[in-house]
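Below is one structure, written out as structure tokens; the observations come after it.
Please read all numbers here as calculations on a predicted model, not as lab measurements. FYI, side chains are in, hydrogens and waters are out, and symmetry mates aren't considered; it's all heavy atoms of this structure. As the structure lists them, so they are numbered: ligands from 1, and atoms in each ligand from 1.
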Amino acid sequence: MSETLSNLAREERRFEPPADLAANANVKEEAYERAASDNEAFWAEAAERLDWGQKWDQVLDWSNPPFAKWFVGGTINAAVNCVDRHVEAGRGDKVALHWVGEPADDARDITYSDLKDEVCRAANALTDLGVRKGDRVAIYMPMIPEVVVAMLACARLGAPHTVVFGGFSADALASRVIDCEAKVIVTADGGYRRGAPSALKPAVDEAVSKVAADGGDHVVEKVLVVRRTGQDLGDGWDADRDVWWHDVVDAASSEHEPEMHDSEHPLYVMYTSGTTGKPKGILHTTGGYLTGTSYTHWAVFDLKPGTDVFWCTADVGWVTGHSYMVYGPLANGATQVMYEGTPDSPHKGRWWEIIAKYGVTIFYTAPTAIRTFMKWGDNFPADHDLSSIRLLGSVGESINPEAYVWYRKHIGAEKAPIVDTWWQTETGQMMISPLPGVTAGKPGSAMKALPGISVDVVNDEAQPVGNGNGGYLVIRQPWPAMLRTLWGDDQRFIDTYWSRWEGLYFAGDGAKLDDDGDIWLLGRVDDVMNVSGHRLSTTEIESALVSHPKVAEAAVVGAADEMTGQAVCAFVILRDEFTQDGGTGSTEGIVEELRKHVQKEIGAIAKPRQIMIVPELPKTRSGKIMRRLLKDVAEHREVGDVTTLADSTVMDMIKTKEDSSATEE
Ligand code: PRX
């Protein structure tokens with residue numbers, strides 16, 4: 001990225017909403033005012049867009065902060081809202097998912113009726129496998145329709161799901177299954193990635209063994225397996241535990257009487273990286289989450305369910321896939337594209353080919369993808385008819401102005417507005433974004449808090465910084481899709497988000513207000529990295545490195561990277577018996593071994609771009625690693641102030657080491 005952060009807020013280009021979009025927009029300027037004058041009435045109206053069993057008695061119970069309850073006394077079923085009600089309203093023949101497999105011509109159109117039948121069958125099959133309301137079910141799957149079916153079947157039963165990204169390792173899966181004590185895992189034999197089948201089931205087998213070894217009394221009782229690739233599973237099949245999806249789901253009845261669950265009934269747990277090693281289980285509940293995601297999906301994307309074709313490119317293993325591929329869009333009765341594979345398989349124009357084929361009108365992706373397309377060249381989108389596009393979205397990190405302008409020009413034909421949406425796994429729903437019919441777009445700014453959301457930028461003393469200044473992003477009032485707690489750890493929930501300042505939710509991001517009061521996100525202020533729009537914890541990767549027998553100590557930083565936003569850079573001290581020349585000799589073999597080790601422990605996404613074997617790490621006198629200095633090295637900058645180091649010669653040693661080794665790929 002060529003712009004510096006301080007330059008960002010000086011961006012002067014401005015793109016006004018197109019007149020026709022503004023005239024017909026779902027949400028107009030008055031919404032801000034209405035929400036400000038009566039926040040609860042505003043969210044109650046958003047909740048009315050859903051079908052409830054029992055209506056709520058109270059919109060918000062905030063008598064015991066930070067534990068919020070929304071739509072208290074109401075009952076609701078998320079699956080009924082996402083499928084049954086569309087079928088009952090006569091829209092059963094409408095396509096819910098244009099599913100596109102990675103192999104050419106491997107595609108299926110699934111209508112809302114199809115989806116309802118399949119969700120009911122899966123709910124019956126899961127019940128037969130012993131899943132009851134309140135039980136947790138882990139889902140570890142590729143991007144195939146069955147993952148959506150599995151999630152909705154769990155929601156229907158009131159069995160909270162925990163979807164673990166298919167790119168995560170067996171260890172990562174096991175630790176999540178142990179933490180939430182999932183009793184069933186839904187998976188597939190594999191999925192397709194970059195033209196080849198990629199296995200999933202062996203990782204599940206490994207995870208299940210780890211759970212048996214480490215999980216106390218808790219065991220995984222059943223594994224439900226979709227046959228996707230037909231890979232040979234060898235002896236990796238336990239006849240007592242493993243069940244084929246096509247045996248039990250296909251045979252189950254498509255009639256299933258749904259129960260209406262309490263509005264605050266847990267819907268799912270999504271694990272995300274925090275500043276310490278152990279991932280946090282973010283808990284979302286039903287009524288508020290569905291209200292927040294369906295309202296924002298309709299408002300921010302100006303969704304017209306009758307004519308729009310929506311495509312969110314996120315994997316369902318991340319929160320974006322949960323809120324804006326499953327719950328928000330399906331609750332709104334949208335027609336969507338869902339794609340299994342990578343953007344360059346079998347060619348670099350695959351996404352544009354899909355947009356042209358299905359007439360996608362609203363497209364939502366991440367800056368890291370946009371930068372990759374910029375690098376590949378303008379000819380790939382130019383070769384396809386993208387004229388159906390009317391709105392573009394961005395999420396995961398700040399979109400740098402160059403990428404914004406490229407996106408607008410090459411994908412949006414200089415007319416489609418771009419909504420840069422800031423939110424988090426914790427917030428569940430978008431929080432800061434332009435409204436496409438109301439707000440002008442400034443390249444690089446997420447602009448304003450959405451109606452009904454109160455964010456602010458404050459200094460260390462919790463005082464608002466005011467226009468033209470930077471500080472910490474906070475949220476002042478509860479919102480419907482907010483996380484309710486961390487699974488099994490209320491204290492960590494309080495400590496992490498609500499303890500820095502009384503009554504304020506601390507998001508962990510820095511932000512700046514420009515002279516108009518518009519918001520510019522400046523990245524994380526804690527030890528959380530953002531790699532390709534995904535959150536990774538420095539501590540978690542350090543722990544993975546230190547678990548390798550050759551490693552004595554490790555420090556990890558996120559260094560600026562042109563493609564991925566940030567990249568993982570590790571500094572490692574080897575144990576004495578593995579160092580050559582006191583740690584300064586050739587270390588190529590070890591570096592590769594360590595990169596593979598991190599991949600095995602966490603997943604390919606956490607694999608360091610660069611590992612430097614160093615003799616020492618920079619520490620303060622109290623022993624704290626000064627990552628700031630390591631970041632200077634990783635970003636090839638002049639090393640900053642070293643006066644607080646216990647040993648001021650350490651940075652010289654590291655710098656010498658950097659100059660003499662080239663471990664970067
Ligand atoms: O730092 C912010 C960044 O991603 C973090 C949340 O990550 P995660 O929970 O994985 O959710 C990602 C998808 C919602 C935030 O704390 N972030 C997300 N969107 C933006 C962003 N930073 C700047 N601009 C955005 N639009």
Side-chain angles (χ1 to χ4, degrees), residues 1 5 8-9 163 165 167-168 268-275 279-284 289 292-293 296-297 300 312-325 327-328 364-370 392-401 403-404 407 418-434 441-450 453 455 457 470 472-475 481-483 486 496-497 505-512 518-537 540 558 564-566 605-606:
M1 273 176 274
L5 291 174
L8 280 178
V163 180
F165 174 53
F168 275 145
Y268 70 82
V269 181
M270 167 110 263
Y271 286 86
T272 188
S273 296
T275 48
K280 301 179 289 196
I282 307 293
L283 175 68
H284 285 295
Y289 175 79
T293 53
T296 49
H297 179 257
V300 172
C312 163
T313 65
D315 192 284
V316 73
W318 307 97
V319 75
T320 309
H322 281 51
S323 297
Y324 298 107
M325 196 192 82
Y327 291 107
Y364 191 33
T365 194
T368 183
I370 298 167
L392 297 169
S394 173
V395 63
E397 61 178 303
S398 294
I399 176 165
N400 44 308
Y404 184 108
Y407 194 30
I418 297 176
V419 288
D420 175 4
T421 62
W422 179 91
W423 58 292
Q424 308 178 295
T425 308
E426 291 86 341
T427 68
Q429 64 179 82
M430 296 165 181
M431 304 294 278
I432 307 174
S433 167
K442 294 181 190 172
S445 169
M447 304 302 286
K448 278 162 59 123
L450 287 167
I453 302 295
V455 304
V457 180
Y472 305 103
L473 188 76
V474 296
I475 305 171
M482 68 193 276
L483 77 166
L486 297 181
T496 310
Y497 305 103
Y505 170 88
F506 174 46
D509 279 39
K512 183 171 172 166
D518 294 323
I519 303 167
W520 299 74
L521 279 310
L522 302 178
R524 302 287 304 186
V525 295
D526 52 16
D527 288 333
V528 173
M529 291 172 285
N530 188 328
V531 178
S532 300
H534 298 313
R535 263 160 77 165
L536 291 172
S537 142
E540 201 180 344
T564 58
Q566 284 189 314
I605 185 160

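- Using a 4.0 Å cutoff on heavy atoms, Arg524 counts as a contact of ligand 1.
- Side-chain contact between Gln424 and Ile282: absent, with no pair of heavy atoms (C-beta onward) separated by less than 4.5 Å.
- Nearest protein heavy-atom neighbour of atom 8 (P) of ligand 1: Arg535 CD, 3.3 Å.
- Looking at Thr272 next to ligand 1, no N or O pair under 3.5 Å apart turns up.
- When non-hydrogen atoms are compared, ligand 1 lies under 4.0 Å from the backbone of Gln424 as well as from its side chain.
- Taking a 4.0 Å cut-off on heavy atoms, Ser398 registers as neighbouring ligand 1.
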Quiz item: Yes or no on side-chain hydrogen bond (donor to acceptor under 3.5 Å, both in side chains) for Ser273 and Ser537, after CA distance, side-chain angles and deciding distance?
Solution: CA-CA 5 Å; Ser273 296; Ser537 142; 5.5 Å; no

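- Scanning both residues, Tyr404 and Gly444, for their nearest heavy atoms gives CD1-N, 4.0 Å.
- When the heavy atoms of Ala507, Gly321, Pro367, Gly396 are ranked by distance to atom 4 (O) of ligand 1, first place goes to Gly396.
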Exercise. For side-chain hydrogen bond (donor to acceptor under 3.5 Å, both in side chains), just list the numbers for Tyr271 and Thr425, CA-CA rounded to whole Å, side-chain angles, deciding distance to a tenth of an Å, and then say yes or no.
Key: CA-CA 9 Å; Tyr271 286 86; Thr425 308; over 6 Å; no

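- When hydrogens are left out, the protein atom nearest atom 2 (C) of ligand 1 is Asp509 OD2, 2.9 Å; that is the closest non-hydrogen contact.
- Side-chain contact check for Tyr324 versus Trp423: some heavy-atom pair is nearer than 4.5 Å.
- When only non-hydrogen protein atoms are considered, atom 12 (C) of ligand 1 lies nearest to Gly533 O, 4.2 Å.
- One option in Asn530, Thr425, Thr421 has a heavy atom closer to atom 26 (N) of ligand 1 than any other, and that option is Thr421.
- Two residues are said to be in side-chain contact when any heavy atoms from C-beta on lie closer than 4.5 Å; His534 and Trp318 meet this criterion.
- Near Asp420, the atoms of ligand 1 lying under 4.0 angstrom from a non-hydrogen atom of the residue are 25 (C), 26 (N).
- Distance OG/Ser398 to CG/Leu521: 5.0 Å, rounded to 0.5 Å.
- Residues Lys448 and Asp518 are not paired through a salt bridge, judged by the lack of any N-O separation under 4.0 Å between the basic side chain and the carboxylate.
- Per-residue contacts place Val395 under 4.0 angstrom from the following atoms of ligand 1 (heavy atoms of the residue considered): 13 (C), 14 (C).
- When Trp423, Trp318, Tyr324 are checked for heavy-atom proximity to atom 14 (C) of ligand 1, Trp423 turns out nearest.
- Here the heavy atom of the protein found nearest to atom 13 (C) of ligand 1 is Thr320 OG1, 3.5 Å.
- In summary, Arg535 and Glu426 engage in a salt bridge, as defined by a charged side-chain N under 4.0 Å from a carboxylate O.
- Near Leu521, the atoms of ligand 1 lying under 4.0 angstrom from a non-hydrogen atom of the residue are 23 (C).
- Looking from atom 22 (N) of ligand 1 to the surrounding protein, the closest heavy atom is Glu397 CA, 3.4 Å.
- Two residues are said to be in side-chain contact when any heavy atoms from C-beta on lie closer than 4.5 Å; Tyr497 and Leu486 meet this criterion.
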